[in-house]
Undergrad: 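Pasting a structure here, questions to come.
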Amino acid sequence: MGKVYLTGAGPGDIDLLTVKALRVVREADVIIYDRLANPDILKEAKPECEFVYVGKEDGRHTLPQDQINEVIYQNALKYENVVRLKGGDPLVFGRGGEEAKYLKERGIGFEFIPGITSAVSVPAYAGIPVTHRNVAVSFKVVTGHEAPNKEHSQVDWESMKADETIVFLMGLHNLKNIAENLIRIGRPKDTPVAVISKGTTPEQKSVTGTLFDIAGKVRDEKVETPALIVVGRVVELKKDLEWIDEGK
Ligand code: SAH
């Protein structure tokens with residue numbers, strides 16, 4: 001019986017893979033990976049390593065989660081070193097906890113190998129610190145996948161009234177709803193917003209605006225997934241702190 005390493009692949013830039021993740025990738029007998037994990041990481045594996053793709057697009061799974069759990073389990077019965085490679089951090093909207101629970105219930109050992117989450121690293125590559133003295137003393141990472149007008153929303157919109165940073169993952173297609181909802185609960189219409197697509201990769205692209213106009217700008221610019229949304233006054237720091245020449 002094998003061991004499963006529930007491993008974060010980082011946000012895209014392969015140099016943001018941790019040393020520990022690289023070590024388990026090099027020792028893996030099989031790597032079960034997602035769409036968001038940089039495929040160049042697979043080149044680090046042994047020649048005889050097997051690869052299993054279980055990608056999902058935003059919230060739409062190509063394989064339902066219970067089947068992914070079973071694929072990981074079956075591979076753990078077959079191989080000694082099983083790497084489950086997931087974009088960013090495996091436990092930040094990564095369902096790593098569910099996969100670990102499934103394995104544990106079946107007597108399979110596992111380890112979590114945290115990764116650099118897109119939630120903080122993608123803003124950093126766009127020159128946006130998620131906290132900044134006198135600007136934002138806290139930040140929230142929220143799923144943008146849930147439609148804000150859903151009747152029994154699990155997302156607590158009222159809690160986002162404070163002048164803090166909010167990072168929405170999986171929210172690109174809901175951007176208009178998200179912005180409208182934040183205005184509705186009282187965030188000023190001119191609150192700065194950035195949408196960053198394919199962050200930390202050579203195709204990184206940022207669009208900035210306000211809660212009022214961001215949805216239109218993003219539509220005009222044809223922003224592609226994966227993309228995240230940063231809301232709050234920290235976005236204003238971007239003009240002084242951006243350090244990547246996007247598009248070059
Ligand atoms: N576990 C991942 C997040 C999974 S949810 C992590 O810790 O980063 C998937 C969402 O993450 C995407 O919809 C997008 O909002 C965000 N995301 C992941 N990689 C990204 C990237 N390179 N650029 C912009 N957003 C990214």
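Read the numbers this way: they start at 1 and go in the same order the structure lists the ligands and their atoms.
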Undergrad: If you measure every N or O of Phe168 against every N or O of ligand 1, does any of those distances drop under 3.5 Å?
TA: no
Undergrad: Output all residues satisfying side-chain hydrogen bond (donor to acceptor under 3.5 Å, both in side chains) with Asp29, sequence neighbours left out; order by chain, then residue number.
TA: Lys46
Undergrad: To the closest 0.5 Å, what do you measure between CD (Glu111) and CG (Leu6)?
TA: 9.5 Å
Undergrad: Taking distance alone, with no angle check, do Gly199 and ligand 1 share an N/O pair under 3.5 Å?
TA: yes
Undergrad: Using a 6.0 Å cut-off, check whether atom CZ of Phe139 has over 12 heavy atoms from anything other than its own residue.
TA: no
Undergrad: Give yes or no for whether the N/O distance cutoff of 3.5 Å, strictly under, is met between Thr200 and ligand 1.
TA: no
Undergrad: Quick one: are the ring centres of Phe112 and Phe110 less than 6.0 Å apart?
TA: yes
Undergrad: Suppose we screen for side-chain hydrogen bond (donor to acceptor under 3.5 Å, both in side chains). Which residues come up paired with Arg219, at least two apart in sequence or across chains?
TA: none
Undergrad: Would you mind finding which of Gly12, Ala227, Pro11 brings a heavy atom closest to atom 22 (N) of ligand 1?
TA: Pro11
Undergrad: Heavy-atom pairs closer than 4.0 Å: do any link ligand 1 to the side chain of Val122, the backbone, both, or neither?
TA: side chain
Undergrad: Is Val92 close to ligand 1, meaning an N/O of one under 3.5 Å from an N/O of the other?
TA: yes
Undergrad: Before signing off on this row, confirm whether Gly87 and ligand 1 have an N or O atom pair separated by under 3.5 Å.
TA: yes
Undergrad: Answer with side chain, backbone, both or neither: which part of Ile196 has a heavy atom less than 4.0 angstrom from an atom of ligand 1?
TA: backbone
Undergrad: Side chain or backbone of Lys198 under 4.0 Å from ligand 1, or both, or neither, by non-hydrogen atoms?
TA: backbone
